[in-house]
Amino acid sequence: MRRKPRIPPSPLPQRHGVDPVRVRLPVAGSWATVREHLVERLSGAGAGVVDGMFDAGRIVGADGRAVAADAPYVPGMFVWFHRELPEEVPVPFPLEVVHRDEHIVVVDKPHFLATTPRGSHVTETALARLRRELDIPALGAAHRLDRLTAGLVLFTVRPEERGAYQTLFSDRRVHKEYEAVARYDPALVLPRTVRSRIVKERGVLQAREVAGEPNAVSRVELVEHRREGADGLARYRLVPGTGQTHQLRVHMTALGVPILGDPLYPEVTEPVPAGDFRRPLQLLARALEFTDPVTGEEHRFRSGRELAAWASYDRWAAGTYDDPSAGQ
């Protein structure tokens, strides 16, 4: 049985709560130098960028020393570097800590804040913010919540315990409840359990339902709706039984009541400029319940947020969202 290579600890500290990039040189390859491989591997950055990093001594080995551009290629060698961080518009809404102990941190995430670094969202993410604000460099995410969705997210304090908490989610041993605001349809019979097969293709923004064995299950319940003469909206409780990408958004659209503020369903809308925080998606991760795999404690957490369109549809529709519900 082939043993996995031992990964040395990073010789570089985090920067703005973001880990350095770690690259392991492939065992098989015909590159003569470390530079040749990195220029090919990081072709999107351009050879000039890689050469500039070598010249500045920003690519280091396991001992923390700068790797020379002409250093011979060594199969299996690890190198580290910090990538240039993009300029990001700060997400001007608070990240509320709901619970913190020596094992976990649970936060109530605002809309528009990504959970972990990805793409153009790096330092303006819940993980990077928490590492800085709580001074916990080893903090890691046990699961992810979409950037446009607000609500509860679980983070782990100790790297050696992260797998136990991640397994809770992969084994579906976490009870999750979401809340959504959408149009009220008196003809829609609820509650009901929606089952379908959802696929999400790489590079395609929308997930879609296809024929076949169901892999996505959602319980949809009507909590309340506006009376006649109001704005015709309803508040829904959504309980996912599975975790397919965009599952709740796809299922609500399939029922004929797409969630307010959704830029992808039923139709993809034009991208908004960076820093446009108007009309957030009206989807909230309301509750998390699970048995702690480390302590055995029963945890029940609830978001204190109120969806803006339900609190004041006119203000939400006018684009005057200011996250008034945080901490309520």
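As the structure is a prediction and not an experimental result, all values here were calculated from the model.
- At least one side-chain heavy atom of Q282 sits under 4.5 Å from a side-chain heavy atom of W316.
- A side-chain donor-acceptor contact under 3.5 Å links R286 to the backbone of R305.
- Taking the side chain as every heavy atom from C-beta outward, L127 and T115 never approach each other to under 4.5 Å.
- Within the 3.5 Å criterion, the main-chain N or O of L233 finds no donor-acceptor partner in the side chain of H225.
- The environment of R197 atom CZ is dense: over 12 non-hydrogen atoms of other residues, nucleotides or ligands sit within 6.0 angstrom.
- With no hydrogens or angles considered, no side-chain donor-acceptor pair links T123 and H16 at under 3.5 Å.
- Under the 3.5 Å distance criterion, the side-chain polar atoms of E209 are left unmatched by any main-chain donor or acceptor of A254.
- With a 4.5 Å cut-off on side-chain heavy atoms, H251 and P240 do not count as touching.
- For V239 against E177, the heavy-atom pair with the smallest separation is CG2-CG, 4.0 Å.
- The two residues P8 and R6 have their closest heavy-atom pair at CD-O, 3.4 Å.
- Atom CD of E221 and atom CG of L190 lie 8.5 Å apart (nearest 0.5 Å).
- Within the 4.5 Å cutoff, the side chain of M53 has no heavy atoms near those of the V67 side chain.
- Between the CG atom in L130 and the OG1 atom in T125 there is a gap of 8.5 Å [rounded to 0.5 Å].
- Proximity of a side-chain donor or acceptor of D108 to a complementary backbone N or O of G304 within less than 3.5 Å is detected.
- Between the D262 side chain and the L281 main chain, no donor and acceptor come within less than 3.5 Å of each other.
- Ring pair F112/F277 is perpendicular by interplanar angle, where above 60° counts as perpendicular and below 30° as parallel.
- For the residue pair Y265 and H246, a side-chain donor N or O sits within less than 3.5 Å of a side-chain acceptor on the partner.
- Under a cut-off of 6.0 angstrom, the local environment of CD in E160 is crowded, with over 12 non-hydrogen atoms contributed by other residues, nucleotides or ligands.
- Checking side-chain atoms of R279 against main-chain N and O of A309 turns up no donor-acceptor pair under 3.5 Å.
- A donor-acceptor pair under 3.5 Å links the side-chain atoms of Q247 to the main chain of V217, judged by distance alone.
- In this structure, L95 and K109 have side chains that are in contact, with non-hydrogen atoms separated by less than 4.5 Å.
- Annotation for P293 and A164: closest pair CG-O, 3.8 Å, computed over non-hydrogen atoms.
- With a 4.5 Å cut-off on side-chain heavy atoms, P258 and R249 do not count as touching.
- In R173, the CZ atom is crowded: over 12 heavy atoms of neighbouring residues, nucleotides or ligands sit closer than 6.0 Å.
- Salt bridge present: E84 and R58 bring a charged side-chain N and a carboxylate O closer than 4.0 Å.
- At a threshold of 4.0 Å, the pair R235-E224 counts as salt-bridged, since one of the basic side-chain nitrogens sits closer than that to a carboxylate oxygen.
- Under the 4.5 Å side-chain contact rule for hydrophobic residues, L238 and L188 share a cluster.
- Within the model, atoms CG of L307 and NE2 of H111 stand 5.5 Å from one another, a figure rounded to the nearest 0.5 Å.
- Atom CD of E298 sits in a crowded spot, with more than 12 heavy atoms from other residues, nucleotides or ligands closer than 6.0 Å.
- Side chain of E88 to main chain of V122: a donor-acceptor pair is present (N/O by atom type, distance under 3.5 Å, no hydrogens or angles).
- With hydrogens and angles disregarded, no donor-acceptor distance shorter than 3.5 Å links the side chain of D146 to the backbone of L148.
- Side-chain contact between Y165 and D292 is present, with at least one heavy-atom pair separated by less than 4.5 Å.
- Not one N or O on the side chain of S303 forms a donor-acceptor pair closer than 3.5 Å with the backbone of A285.
- Using bins of under 30°, 30° to 60° and over 60° for the plane-to-plane angle, the ring pair F301/H299 lands in the parallel bin.
- Inter-residue side-chain proximity for R131 and D19 is flagged as met; some heavy-atom pair is nearer than 4.5 Å.
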Check step by step if side-chain contact (heavy atoms from CB on, under 4.5 Å) holds for R129 and L113. CA-CA 10 Å; R129 266 202 203 179; L113 186 68; 4.1 Å; yes
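- Between the CD atom in E161 and the NE2 atom in H103 there is a gap of 5.5 Å [rounded to 0.5 Å].
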